[in-house]
Amino acid sequence: MITRFAPSPTGHLHIGGARTALFNYLLAKKENGRFVLRIEDTDALRSTEEYTQSILNAMKWLGLSWDGEPIFQRARSQFHREKVLWLVEKGLAYWCHCKPEEIEIGRQKALAEGGKPRYDGRCRELGLGPAPGAAVRFKGPDFGQIGWTDLVKGPIAFDASELDDLVLLRSDDQPTYNLAVVVDDIDMGITDVIRGDDHVNNTPRQILLYRAFGATPPNFGHLPMILGADKSRLSKRHGATSVMAYHDLGYLPEALVNYLARLGWSHGDQEIFSLKEMEGLFSLKNVGKSAAVFNPEKLDWLNAHYLKSREPSDVSNLLKPFLEKRALALPSPQILEKIVLTLRERSKTLDEMAAKAEFYLLDLPKIDPDSAKKLLTPQGLSILARWRELLKSPPNDHGAFENLLRNLAAELAVKPGAAAQPLRLALTGVTASPGLYEVMDILGPQAIQKRIDAALAYAVG
RNA sequence: GUCCCCAUCGUCUAGCCUGGUCCAGGACACCGGCCUUUCACGCCGGCAACACCGGUUCAAAUCCGGUUGGGGACGCCA
């Protein structure tokens with residue numbers, strides 16, 4: 001089995017493309033086949049080197065390694081051209097001298113009259129030859145059915161009369177998508193073409209081309225679209241759509257891969273899958289037929305899960321760029337790991353974790369004014385003053401702090417929570433934070449005193 | 001408009017092929033509770049769906065037909 005992912009470098013790798021790539025990758029792995037990458041850069045105007053690199057990077061980040069070197073389609077245009085000419089020679093394609101503008105007018109008219117816009121084939125039997133501005137069209141059948149058993153959707157059939165004679169070679173001598181895809185898929189020995197739903201309409205045309213070339217068509221499988229919350233096709237206005245945008249937001253590749261896989265595919269009730277595990281489990285039989293809505297909350301949940309289950313040292317390293325982006329000084333690896341340990345159950349993304357880490361890394365935390373108003377009251381300040389005394393020598397384990405807190409609460413006749421909050425505000429600047437013992441363990445005795453002093457001064461000032 | 005595809009909780013889905021074990025299971029989200037120095041995490045519990053109509057059958061989420069709704073395609077883009 002040989003599968004392929006064939007993106008056109010006219011944009012960054014997006015969510016939909018990534019899932020297509022993932023399913024092709026998974027299928028090849030499951031069947032011990034090959035997964036190849038082909039860059040469809042035949043649209044010279046819109047294809048760029050930057051996008052090509054961006055797509056390759058995104059694939060690597062996701063862990064979707066391909067076999068062999070990527071194939072660049074543009075480099076093969078001469079080969080494609082020869083194949084077109086061969087078709088003309090065999091009488092399976094013909095030169096068309098129609099002006100694109102004229103055809104466009106006919107198309108608009110047909111659409112306006114409620115019909116299906118299609119080329120009328122007027123140059124078909126004219127026996128025209130090459131000429132400036134001429135294109136080559138495929139000579140399709142006039143009747144009959146073209147069908148296949150789709151790997152995900154089951155039997156699909158089109159009437160030949162629905163298909164017009166598609167252009168194979170543009171008037172600028174460049175091969176078109178449908179031609180290049182078929183020629184390359186044959187040449188590369190692709191056995192299974194797994195792609196987006198939006199290609200179903202191309203499939204009968206491509207099957208016809210396979211036949212014209214005397215080749216057996218591969219298996220086709222069309223994956224349902226991914227939709228936004230409003231059920232329309234996922235696009236920029238639904239938020240981040242490029243894979244690397246999720247990287248920048250602080251998502252882990254395994255979370256995104258896991259999420260994308262479950263968008264359409266399932267294996268019973270299981271929700272958590274590693275890429276390796278899916279490689280053994282994947283099957284197109286378990287891919288649904290209907291479109292799926294992209295749900296960022298579930299992605300968040302998965303990301304939080306992986307943030308918690310990955311090695312803290314790994315997470316520390318991944319977190320560094322996000323801290324740097326916030327211009328925060330990096331602590332020692334040991335301290336950073338401790339910080340991660342206190343934050344990973346409270347963060348959905350690395351970026352959120354970096355934001356939450358700020359109070360540790362700043363010289364003094366930013367005191368939230370509203371919380372200060374509530375907590376740095378005369379009573380709060382006296383509690384804080386007591387803490388200042390008590391913490392001259394900070395507790396050296398969780399139990400010791402627990403005792404300190406309970407004793408103080410008893411002495412002041414308040415609940416432990418009430419005794420703790422002023423200290424929390426002094427140390428972290430906010431009222432919701434990791435456990436106070438863990439925070440103090442990370443800050444160390446000097447910073448503790450400094451922060452308490454600053455909080456006492458804050459209230460006074 | 002024409003053609004193609006799709007239709008189970010708000011969302012992702014299991015079940016559908018091989019009808020009864022489904023007054024429909026899991027997950028996210030949401031709501032309640034427990035735990036608790038705050039917030040989270042975790043644990044426990046709850047809310048919530050077979051689009052509609054007809055047919056086949058002793059029996060339909062499951063099979064068939066239609067309706068409605070949604071998506072996609074209709075390029076000398078890919």
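Labels below follow one simple rule: chain letters A, B, ... track the order of the sequence lines, proteins then strands, and each chain is numbered from 1.
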From CD of A:E271 across to P of B:rA29 the rounded distance in Å is 11 Å
Do A:T241 and A:H14 have side-chain N/O donor and acceptor atoms under 3.5 Å apart?
no
Quick note, A:N201 side chain, CB onward, closest among B:rA14, B:rA73, B:rC76 is B:rA73
Closest to the side chain of A:K289, out of B:rG42, B:rG26, B:rC6, is B:rC6
Which of B:rU38, B:rC5, B:rG72 is nearest the side chain of A:K153? It is B:rC5
Name the nucleic acid region contacted by A:P224, choosing base, sugar-phosphate or nothing; use a 4.0 angstrom heavy-atom cut-off, strictly under.
-> nothing
Closest to the side chain of A:E297, out of B:rA29, B:rG75, B:rC12, is B:rA29
Taking a pair to mean Watson-Crick or G-U wobble geometry with both distances below 3.5 Å, B:rU37 pairs with none
**Study point:** Centroid-centroid distance, A:F79 to A:W86, less than 6.0 Å
**Key:** no
Closest of B:rA14, B:rC4, B:rU38 to the A:I156 side chain is B:rC4
| task | Please work out if A:H398 contacts a base, only the sugar-phosphate, or nothing of the nucleic acid, heavy-atom cut-off 4.0 Å. | result | base
Sorted by position of nearest nucleotide on RNA chain B, 5' first, the leading residue of A:A418 and A:E40 is A:A418
Could you tell me if A:T42 and A:H80 have a donor-acceptor pair between their side chains, going purely by distance under 3.5 Å? no
Worksheet item: Reckon A:R344 touches a base, only the sugar-phosphate, or nothing at all at heavy-atom distances under 4.0 Å?
Response: nothing
From the candidates B:rG25, B:rC41, B:rU37, the one with an atom nearest any side-chain atom of A:D269 is B:rG25
Using the P atom in both, what is the distance from B:rG54 to B:rC17, to the nearest Å?
23 Å
**Asked** A:L405 near the nucleic acid: base, sugar-phosphate alone, or nothing, with a heavy-atom cut-off under 4.0 Å?
**Response** base
(Q) Say we look at B:rA24 and B:rA48: how far apart would their C1' atoms be, to the nearest angstrom? (A) 12 Å
Query raised in the report: Contact class for A:E162 vs. all strands (heavy atom < 4.0 Å): base, sugar-phosphate, or nothing?
Result: sugar-phosphate
* Less than 3.5 Å between a donor and an acceptor, one on the side chain of A:H267 and one on the base of B:rU13, is that the case here? -> no
Note to self: In this structure, is the centre-to-centre distance between the rings of A:W148 and A:Y210 below 6.0 Å?
What the structure shows: no
A:R107 vs B:rA73: side-chain N/O to OP1/OP2 distance below 4.0 Å: no
Smallest heavy-atom separation, A:P395 atom then A:Y437 atom, equals O-CE1, 3.6 Å
Q) How far does the C1' atom of B:rC39 sit from the matching atom of B:rA14, given to the nearest Å? A) 35 Å
Scanning all shown strands, the Watson-Crick or wobble mate of B:rG45 with both distances under 3.5 Å is B:rC31
